[in-house]
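A quick write-up on the structure given underneath.
Everything quoted here is computed from the prediction, not taken from an experiment. Only heavy atoms go into these numbers, but all of them, side chains included; no hydrogens, no water, no symmetry mates.
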Amino acid sequence: MNRPSAKADAAGTGGPAAWDAGLYDRSFGFVSAFATDMVDLLAPEPGERIVDLGCGTGTLTADIAARGADVIGIDGDAAMVERARALHPALTFEHADGRDFAIEGQADAVFSNAALHWMKEAPADVIACVARALRPGGRFVAEMGAHRNVRIITDALYQALAEEGVPAGAVDFPWYFPRTSRYVGLLEDGGFDVTQLYYFARPTPLDDCPNGLADWIEMFGRNFTDAAPPGRVQAVVDRTIALTRDRLCPDGRWITDYTRLRFVARRLAED
Ligand code: BEZ
């Protein structure tokens with residue numbers, strides 16, 4: 001597939017300023033493992049041109065390629081792209097911003113798992129960019145964090161920070177977790193016909209995280225811990241764990257409160 005042309009920066013790329021790609025692979029394999037049925041929903045056909053937007057280290061990109069599609073993985077984080085290239089040298093990965101990536105020609109499908117919620121700036125621009133990348137009738141198949149995603153964890157982080165004297169406004173909330181109605185509207189306004197859409201709770205165990213929720217916070221919660229007063233990060237993490245343990249780890253196994261929005265949408269032909 002032709003290469004995308006786009007610049008990447010931290011705001012619209014699918015992640016925090018810099019990911020720890022090694023930790024991500026070691027302890028957060030569930031991000032892809034939970035989504036293997038997303039590839040079934042995508043149903044890639046041999047020879048189809050497919051973009052994997054927010055591909056991370058390329059696990060699902062490789063699954064799509066294994067079904068015979070001509071796939072390109074795009075991610076906004078340079079470390080993720082580097083690791084994806086090292087793990088899957090036969091595949092194409094590019095570093096680009098979800099709001100302004102472009103491919104030569106048009107794709108049959110754009111796929112995205114657990115990435116759109118990181119592109120919190122200008123979600124309509126991301127959708128417009130996806131529409132431009134697709135041929136008329138092409139499909140956009142995606143799953144993202146939905147309204148109330150990880151709310152128990154974020155409420156506890158805010159409370160732990162408040163107890164340290166840090167107001168909620170000091171945290172740059174890193175994600176976009178839309179209500180279903182809001183996102184359907186954006187897709188329709190962006191020139192898509194939404195053919196399937198589900199909102200569901202997906203309790204997500206942290207079985208590969210030796211330090212449970214502390215690892216999750218280290219990986220994903222940097223915007224919260226960065227707001228902690230000097231020398232108080234560990235106190236905030238410990239307090240967050242204490243506040244959530246009864247609900248998320250009642251039997252010694254951390255199970256986080258994920259909610260998902262999963263959809264299939266078709267790009268309408270222009271009038
Ligand atoms: C998610 O996949 O829903 C998610 C992952 C990390 C942080 C927040 C949400």
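The stretch residues 226-236 participates, sequence neighbours left out, in these side-chain hydrogen bond (donor to acceptor under 3.5 Å, both in side chains) pairs: Glu164-Arg232, Gln234-Asp238. Among residue pairs with one or both ends in residues 166-190, those qualifying as salt bridge (Lys or Arg N to Asp or Glu O under 4.0 Å) are Lys120-Asp172; sequence neighbours excluded. Sorted by first and then second residue, the salt bridge (Lys or Arg N to Asp or Glu O under 4.0 Å) pairs involving residues 123-137 (not counting sequence neighbours) are Asp108-Arg135. Residue pairs meeting the salt bridge (Lys or Arg N to Asp or Glu O under 4.0 Å) criterion with at least one partner in residues 192-218, sequence neighbours excluded, are Glu143-Arg202, Asp207-Arg253. Each salt bridge (Lys or Arg N to Asp or Glu O under 4.0 Å) pair with one or both residues in residues 151-163, not counting sequence neighbours, appears once here: Glu163-Arg239.
In terms of the side-chain contact (heavy atoms from CB on, under 4.5 Å) criterion, residue partners of Thr259 (sequence neighbours excluded) are, by chain and number, Ala146, Asn149, Tyr199. With sequence neighbours excluded, the residues that form a side-chain contact (heavy atoms from CB on, under 4.5 Å) with Ala84 are Phe93. Residues meeting the ring-ring contact (aromatic ring centres under 6.0 Å, His included) test with Phe140, sequence neighbours left out: Phe192, Phe263. Residues forming a salt bridge (Lys or Arg N to Asp or Glu O under 4.0 Å) with Asp246 (at least two apart in sequence, or on another chain): none. Contacts of Asp251 classified as side-chain contact (heavy atoms from CB on, under 4.5 Å), with partners at least two apart in sequence or in another chain: none. Under the ring-ring contact (aromatic ring centres under 6.0 Å, His included) criterion, Tyr158 pairs with Phe224, not counting sequence neighbours.
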Side chains of residues 50-63: which donor-acceptor pairs under 3.5 Å do they make with residues two or more places apart or in other chains?
residue, atom, partner, partner atom, Å
Asp52, OD2, Thr61, N, 3.3
Asp52, OD2, Thr61, OG1, 2.7
Thr57, OG1, Asp25, OD1, 2.8

